[in-house]
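A quick write-up on the structure given underneath.
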Amino acid sequence: MSAFAARLIAWQRDHGRHDLPWQVADAYKVWLSEIMLQQTQVTTVIDYYQRFLQRFPDVASLAAAPLDDVLALWSGLGYYTRARNLHKAAQKVMADFGGAFPRLPAEIETLPGIGRSTAAAIAAFSFDTRSAILDGNVKRVLARWAGIDGFPGTKVIENKLWTLADSLLPASGSDMPAYTQAQMDLGATVCTPKKPACPACPVSDDCIARMTGRQAELPTPKPKKAVPERSTVMLLIRDDAGRLLLQKRPPTGIWGGLWSLPETGSTLDAERHCANVLKLKVQPDPALPDFVHVFTHFRLTITPLPASVTGATALADDDTLRWFTRTEALAAGIPTPLRRLLNA
DNA sequence: AAGCCGGGGTG
DNA sequence: CACCCAGGCTT
């Protein structure tokens, strides 16, 4: 086995994390954790993971559940396509694999929401398979250790990193859980983005970045771009019982499949929108202040516009438009800015 | 190959 | 604020 792998495995035994709730040889639990951990930090995931596992203890219960229940447990975690794909994949495991999670990385990767790295992680942790992962931690560790220049988001650099990752695997499959965990732990606790703790690193003595003093320059950062500004008006429409009107968002796009407030382009549109689109006659209520919600790729200024229906509620509930009590709304799959509004 | 998709932890 | 996180899918 490579000296690199041996040193990481030894380091993991003494200094790695061993008490994370998903560190079990159970493909369902490993899978769930890997999906939740995509672009999401460990501390954020733990509570969601425990709640999700309690409600859906196995792949069969997840497959049988309504999507809305899955989204409700995902509410606040972000990247909601992950929840939709998780649900879809559970149904595929039941239908195409007889309820037994597939063992081969190539099979695992056919499930929606699982790419090369996640398939490899599931196979390594659950089935001792020799397959390399390449997540943000590994990209940083390898780019520094091997002195690989260039933004890892580009195909050329990513291919280099995959080839290197493949070449460094331990010889024995039985070492794969420890080795895979070691890379993640090293990236998360020692080879950190800022101020890496090189003296604590098991591979610092032949690390190119360390030897050349380039830890702060590697990996090459993503090229900067201006963040676009957008704005929207969210209608806080209440009926005479104080219930709130929510609208289910389209399955794709921002907050896909979540229940959110009806929106209009401007406050001037609001009354017309209520009458023509929502079929409601409303009167304005006291205004609320604008607030900003920040995404990775744009900033959204939200103007909440409170209003009340006048007279009887002509609107019938349907699949995309429904009245919620505050409690019901907080229990549903709703985006974070709405949760913030309801808790304000 | 580049853009899209959330929210929060951290310095 | 700015950066980045156990990435994958779509175009």
Side-chain angles (χ1 to χ4, degrees), chain A residues 16-17 20-23 29-49 71 74-86 88-89 108-125 132-141 150-159 161-162 165 177 180-189 191-196 216 219 221-228 230 249-258 260 292-300 333-340:
Chain A
R17 298 176 287 192
L20 297 170
W22 44 81
Q23 288 179 321
K29 295 179 182 176
V30 172
W31 169 44
L32 174 62
S33 73
E34 290 298 329
I35 300 302
M36 285 190 166
L37 287 160
Q38 286 172 357
Q39 299 300 103
T40 311
Q41 293 181 349
V42 167
T43 53
T44 304
V45 163
I46 288 180
D47 287 345
Y48 285 90
Y49 174 84
L71 285 170
W74 210 271
S75 178
L77 197 55
Y79 284 135
Y80 298 97
T81 297
R82 293 185 295 176
R84 306 177 65 83
N85 282 335
L86 191 75
K88 227 181 295 180
I108 299 173
E109 205 176 331
T110 67
L111 297 171
I114 301 180
R116 179 173 173 183
S117 184
T118 298
I122 295 170
F125 285 129
I133 63 166
L134 190 63
D135 59 23
N137 286 317
V138 179
K139 286 176 180 171
R140 185 171 56 254
V141 170
F151 173 52
T154 67
K155 201 68 182 176
V156 173
I157 305 302
E158 193 183 344
N159 287 340
L161 290 166
W162 272 119
T180 304
Q181 189 67 49
Q183 295 174 89
M184 297 170 168
D185 291 355
L186 189 68
T189 65
C191 194
T192 49
K194 294 171 196 172
K195 297 187 179 180
K222 180 188 181 74
K224 290 180 192 174
K225 259 188 330 183
V227 179
R230 300 188 201 170
R249 301 185 59 88
T252 59
I254 200 84
W255 299 325
L258 270 62
S260 190
V292 175
H293 187 75
V294 181
F295 294 87
T296 306
H297 48 306
F298 64 94
R299 285 165 51 91
L300 182 65
I334 60 174
T336 289
L338 175 54
R339 194 169 294 280
R340 187 176 310 166

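Sequence lines set the chain letters: A, B, ... in the order given, protein chains first and strands last, and positions in each chain run from 1. Only this structure's heavy atoms are used, side chains among them; waters, hydrogens and symmetry mates stay out.
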Mind checking what makes side chain to side chain contact (heavy atoms under 4.5 Å, CB included) contact with A:Lys88, not counting sequence neighbours?
A:Asn85, A:Pro112
Residue pair A:Arg140 / A:Cys191: nearest heavy atoms and the distance that separates them:
NE-O, 2.7 Å
Can you name the closest pair of heavy atoms from A:Asp135 and A:Asn137 and give their distance?
OD1-N, 3.0 Å
Locate the shortest heavy-atom distance separating A:Val42 from A:Leu20; write the atom from each residue and the value.
CG1-CD2, 3.8 Å
Can you list the residues that meet the side chain to side chain contact (heavy atoms under 4.5 Å, CB included) rule with A:Gln38, with sequence neighbours excluded?
A:Ile35, A:Arg82, A:Thr118
Using the C1' atom as the point on both nucleotides, what is the distance between C:dA6 and B:dG3, in whole Å?
22 Å
Just checking A:Lys224: base, sugar-phosphate only, or nothing, at a heavy-atom cut-off of under 4.0 Å?
sugar-phosphate
On a heavy-atom basis, which atom in A:Arg84 and which in A:Pro251 lie closest, and how many Å separate them?
NH2-CB, 3.2 Å
Annotated protein contacts, base or backbone, on nucleotides 5-11 of chain B with a non-hydrogen cut-off under 4.0 Å, one of B, S, - each
BBBBS--
Pairs counted only when both distances fall under 3.5 Å, Watson-Crick or G-U: show me the 5' to 3' dot-bracket for DNA chain C, [ ] for pseudoknotted crossings and | for other-strand partners.
|||||.|||||
Using a cut-off of 4.0 Å on non-hydrogen atoms, how would the nucleic acid contact of A:Leu20 be classed: base, sugar-phosphate, or nothing?
base
Touch check for A:Gln183, heavy atoms < 4.0 angstrom, all strands: base, sugar-phosphate only, or nothing?
nothing
Euclidean distance for P, C:dT11 against B:dG6 (whole angstrom)
15 Å
At their closest point, which heavy atom of A:Pro152 faces which heavy atom of A:Ile157, and how far apart are they?
CA-CG2, 3.7 Å
Could you tell me whether a side-chain N or O of A:Gln23 sits under 3.5 Å from a main-chain N or O of A:Arg17, the two making a donor and an acceptor?
yes
Scan A:Trp31 against the nucleic acid and name what it touches under 4.0 Å (heavy atoms): base, sugar-phosphate only, or nothing.
nothing
Under a 4.0 Å heavy-atom criterion, DNA chain C is touched by chain A from C:dC3 to C:dC9
Any donor and acceptor pair, going by atom type alone, linking the side chain of A:Arg299 with main-chain N or O of A:Val227 inside 3.5 Å?
no
Name the residue closer to the 5' end of DNA chain C, choosing between A:Ala121 and A:Pro112 according to the nucleotide with the nearest heavy atom.
A:Ala121
For A:Arg17, report the nucleic acid contact type (base, sugar-phosphate, nothing); a contact means any heavy atom under 4.0 Å.
base
Atom of A:Trp255, atom of A:Tyr80 and distance for their closest heavy-atom approach:
CD1-CE1, 4.0 Å
Applying side chain to side chain contact (heavy atoms under 4.5 Å, CB included), can you list everything that pairs with A:Thr110, at least two apart in sequence or on another chain?
A:Lys92, A:Phe97
